[in-house]
Amino acid sequence: MNMDKKSEIIKKREKKIADLKGKNINPFPNDFVVSHTVRDIKQAIIDAPDSFTEDDPVFVVAGRMMAINRFGKASFIRFRDRTGQLQAYVRRDKIGDEAFILFKQLDIGDFVGLSGGMFKTRTGEWTLLVKELKLVCKSMRPLPEKFHGLKDPEKRYRRRYIDLIMNSDVRDVFIKRSGIIQAIRTFLLDRDFLEVETPMMQPVPGGAEATPFVTHHNALGMDLFLRIAPELYLKRLVIGGFERVFEINRSFRNEGVSSRHNPEFTMLEFYQAYARYEDLMDITEEMFRYVALEVTGSTLIPYQGDTIDMGAEWRRMTLASALEEIGGIDAGLLNNRDKLLELAASNGIKVTKTGRLGKIITKLFDVLVEPKLLQPTFIIGYPVEVSPLSRRNETEPDLTDRFELFIAGHEIANGFSELNDPADQKERFLQQAAEREAGDKAAHYMDKDYIEALEYGMPPTAGEGIGIDRLAMLFTDAASIREVILFPHMKPAERGER
RNA sequence: GGGCCGUUAGCUCAACCAGGCAGAGCAACUGACUCUUAAUCAGUAGGUUGAAGGUUCGAUUCCUUCACGGCCCA
């Protein structure tokens, strides 16, 4: 409905507010003092269920009314605060005639402040017997229907607050997401990592292959890019002597929106000096098991009808062997550019004609192997031309000391031993710059300042990025990234809302 | 960017295929009710059917375009 055309219900609420003001009752007061939460009350009952009478002790709580069952001179209401939901019993002979008349004017969705003692109803439900009732905040708009709630995904995302009011499973998803981030933070802090914040607006966007958003700084008179990754700044910090650093925050990529991509997304990146990429794989397994236990209490994670087993040892295999074993591509073909191009075309994969061998191989992997990697799997042995920031493998210099982690058919993490040879890094950037010239908008930018930093010396270091949104999807059994982002990006609705 | 589907009362959905007064439940309003919990009972009101255009005596329904969203593909 158009916002500026008020529904009958809203007009009636406006009239109620005017009536309240007429009776000198503030519909939006600011003086109600809460002394208990619903959780406090429930815990008190668990602790000493026999010590309650209707009059003692007295609890003072506040919350939003979610349901009202009215009888003539008494009502049951359900209200909720941040800690839970509780039933209260409002009787005219307990709160007095004046308060009861006010109460009769209240609506589902209003906030009330209540005080009273606890008793058990005939059906055995602990209930607050209200002695005093105050309006704490009037609501103007009706909430969705209590039984079906709010289902329309468009409305759920655009007006997430209603989604959160109505759908407790949605609330739980975001509580869990917060728990995941907290667990990761604890895990890293316990290992002597330092949490840092690096620029989100960067003069040269680096650290990933992606198209950046461009913005403009007026006073400096220059364009800046929203970061596509924090990587190059975090490595500058390792150069500066912070040997273990991490950052959990947003990055931005100016690309398509889908059930797996939001233009802004949250990433953990962490860097550890004197570690190698093999160490990171061990740490990653440890971290995920820790998070799983902290957040779900188990290392068996149900996801979209499957069960992900975080507890068992995670498989590690090379890109080449994965392509052969899972993708069904004969290992002998992996150096045959023409054959691979044919194969790509027959699988409907678009590859630029000039695309380098490593690009074609990883594209084939994305289509033929990635969706099949259900259980946690590390893929190692990535070609150097698709890994411009990774250290070369000592024995096979065309490959890098790099892994990606796949779970439930999604790429979850990417880590490697860092390239710390400034001359090699410069060569890699030049190669990327050439690909950018050739039309690959996502190719890495040359970052001379970063090269200069490397020239001061970066100790051998391994670093990793983990997609927090995808991790949250995994732990909350969400099929779409929008279910784990509070306010996913949407086009503005035309004129109000439909 | 392409394909399919959707948009009807505050919310959840009918009616559309095969054109003929747009309905229900919950929410709201009036009344009854002091142990309900999707309370119950009696009654009332609430609609620019996403937008614009076309076909038609007549369009929520058929056609075109557009907007927004969902799923799948790129």
Side-chain angles (χ1 to χ4, degrees), chain A residues 1-16 19 54 65-80 85-97 100 103-110 116 118-130 138-163 165-167 255-262 304 344-352 363 366-367 371 409 478-483 487-498:
Chain A
M1 221 37 239
N2 205 327
M3 289 292 180
D4 48 7
K5 191 175 180 190
K6 285 170 189 162
S7 76
E8 186 195 18
I9 295 176
I10 292 176
K11 284 182 193 155
K12 280 177 177 151
R13 298 278 176 102
E14 281 174 345
K15 187 175 175 303
K16 278 185 181 176
D19 289 350
E54 288 181 4
M65 286 201 291
M66 299 304 296
I68 307 176
N69 285 351
R70 293 185 193 278
F71 303 86
K73 298 179 188 64
S75 296
F76 284 97
I77 64 175
R78 280 178 184 282
F79 69 99
R80 193 169 61 222
Q85 188 163 273
L86 190 69
Q87 177 169 266
Y89 190 38
V90 182
R91 291 171 50 150
R92 192 169 74 171
D93 59 4
K94 291 284 177 191
I95 67 169
D97 290 354
F100 200 76
F103 170 70
K104 280 167 95 170
Q105 290 298 305
L106 299 185
D107 297 291
I108 290 170
D110 290 351
M118 295 299 290
F119 77 106
K120 249 186 186 174
T121 63
R122 210 159 58 190
T123 54
E125 179 170 350
W126 281 103
T127 299
L128 185 81
L129 181 63
V130 178
K138 185 72 196 149
S139 78
M140 299 288 303
R141 292 176 181 273
L143 290 174
E145 187 219 337
K146 63 190 160 202
F147 189 61
H148 294 95
L150 183 66
K151 284 190 168 167
D152 181 347
E154 184 170 354
K155 283 174 187 149
R156 287 185 47 231
Y157 300 149
R158 284 191 197 283
R159 295 193 281 178
R160 181 69 91 181
Y161 47 93
I162 305 178
D163 194 24
I165 292 168
M166 297 308 298
N167 299 320
E255 289 158 6
V257 177
S258 78
S259 61
R260 287 190 205 182
H261 299 88
N262 197 57
Q304 303 294 300
S346 70
N347 281 287
I349 303 165
K350 266 195 252 166
V351 190
T352 47
K363 286 255 185 185
D366 290 349
V367 173
S480 166
I481 197 169
R482 290 177 211 100
E483 294 298 335
F487 299 101
H489 278 284
M490 299 237 164
K491 288 192 182 182
E494 187 192 24
R495 289 202 308 145
E497 187 155 332
R498 299 201 307 210

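Excluded from the calculations below are hydrogen atoms, water molecules and symmetry mates; all remaining heavy atoms, backbone and side chain alike, are included. These figures come from a predicted structure and were not determined experimentally. Every chain is numbered from 1 and lettered A, B, ... according to where its sequence line falls, protein lines coming before strand lines.
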Reckon [X] touches a base, only the sugar-phosphate, or nothing at all at heavy-atom distances under 4.0 Å?
{"X": "A:Phe100", "result": "nothing"}
{"X": "A:Met166", "result": "nothing"}
{"X": "A:Tyr157", "result": "sugar-phosphate"}
{"X": "A:Arg156", "result": "nothing"}
{"X": "A:Arg70", "result": "base"}

Nearest-Å distance, [atom1] ([X]) to [atom2] ([N])?
{"X": "A:Arg91", "N": "B:C33", "atom1": "CZ", "atom2": "C1'", "value": "14 Å"}
{"X": "A:His261", "N": "B:C73", "atom1": "NE2", "atom2": "C1'", "value": "14 Å"}
{"X": "A:Glu8", "N": "B:A28", "atom1": "CD", "atom2": "P", "value": "12 Å"}
{"X": "A:Asp163", "N": "B:G10", "atom1": "CG", "atom2": "P", "value": "19 Å"}
{"X": "A:Met140", "N": "B:A28", "atom1": "CE", "atom2": "P", "value": "16 Å"}

Say we look at [N] and [M]: how far apart would their [atom1] atoms be, to the nearest angstrom?
{"N": "B:C17", "M": "B:C63", "atom1": "C1'", "result": "16 Å"}
{"N": "B:A14", "M": "B:A59", "atom1": "P", "result": "24 Å"}
{"N": "B:U61", "M": "B:G50", "atom1": "P", "result": "8 Å"}

Per [X] side chain, nearest of listed nucleotides [options]:
{"X": "A:Glu145", "options": "B:C11, B:A45, B:U37", "value": "B:C11"}
{"X": "A:Leu150", "options": "B:U36, B:U12, B:A28", "value": "B:U12"}
{"X": "A:Lys491", "options": "B:U37, B:C35, B:C68", "value": "B:C68"}
{"X": "A:Glu125", "options": "B:U34, B:G10, B:U36", "value": "B:U36"}

Discussion item. Heavy-atom count check: over 12 atoms from other residues, nucleotides or ligands less than 6.0 Å from A:Lys94 NZ?
Written reply: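 Correct, the count exceeds 12.
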Taking only side-chain nitrogens and oxygens of [X], does any of them come within less than 4.0 Å of OP1 or OP2 of [N]?
{"X": "A:Lys151", "N": "B:C11", "value": "no"}
{"X": "A:Lys16", "N": "B:C29", "value": "yes"}
{"X": "A:Arg13", "N": "B:A27", "value": "no"}

Worksheet item: Taking the inter-plane angle between the rings of A:Phe76 and A:Tyr89 on a 0 to 90° scale, is it parallel (under 30°), tilted (30 to 60°) or perpendicular (over 60°)?
Response: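 The rings of A:Phe76 and A:Tyr89 lie parallel, inter-plane angle below 30°.
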Worksheet item: Under a 4.5 Å cut-off applied to non-hydrogen side-chain atoms, are A:Pro144 and A:Ile162 in contact?
Response: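 The answer is yes, as the side chains (C-beta and beyond) meet within the 4.5 Å cut-off.
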Worksheet item: Any side-chain heavy atom of A:Leu128 within less than 4.5 Å of one from A:Met118?
Response: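 A side-chain contact under 4.5 Å exists here.
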Fill in: Most 5' of A:Ile68 and A:Gly256 on RNA chain B, judged by nearest nucleotide
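Between the two, 5'-proximity favours A:Ile68.
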Discussion item. My validator wants the stems of RNA chain B: runs of 3 or more consecutive Watson-Crick or G-U pairs, both distances under 3.5 Å, written as range with range.
Written reply: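 So the stems come out as B:1-7 with B:67-73, B:10-13 with B:23-26, B:28-32 with B:40-44, B:50-54 with B:62-66.
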Worksheet item: Listed by chain and number, what are the side chain to side chain donor-acceptor pair (under 3.5 Å) partners of A:Arg92, not counting sequence neighbours?
Response: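 Residues passing side chain to side chain donor-acceptor pair (under 3.5 Å) with A:Arg92: none at all.
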Worksheet entry | Set of side chain to side chain donor-acceptor pair (under 3.5 Å) partners for A:Glu54, sequence neighbours left out |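 For A:Glu54 there are no side chain to side chain donor-acceptor pair (under 3.5 Å) partners, ignoring immediate neighbours.
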Worksheet item: Has A:Phe76 got its ring stacked on the base of B:U36, with centres under 5.5 Å and planes less than 30° apart?
Response: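 So yes, this residue stacks on that base, both cut-offs being met.
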Practice prompt. May I ask you to check if A:Arg70 and A:Phe103 form a cation-pi contact, with NZ or CZ under 6.0 angstrom from the six-membered ring centre and within 45° of the axis?
Written response: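 Flagged: A:Arg70 positioned over aromatic ring of A:Phe103.
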Discussion item. I'd like to know if the side chain of A:Thr127 reaches the main chain of A:Glu125, judged simply by a donor and an acceptor atom lying under 3.5 Å from each other, with no hydrogens or angles considered.
Written reply: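 Yes; judged by distance alone, with no hydrogens or angles, the pair exists.
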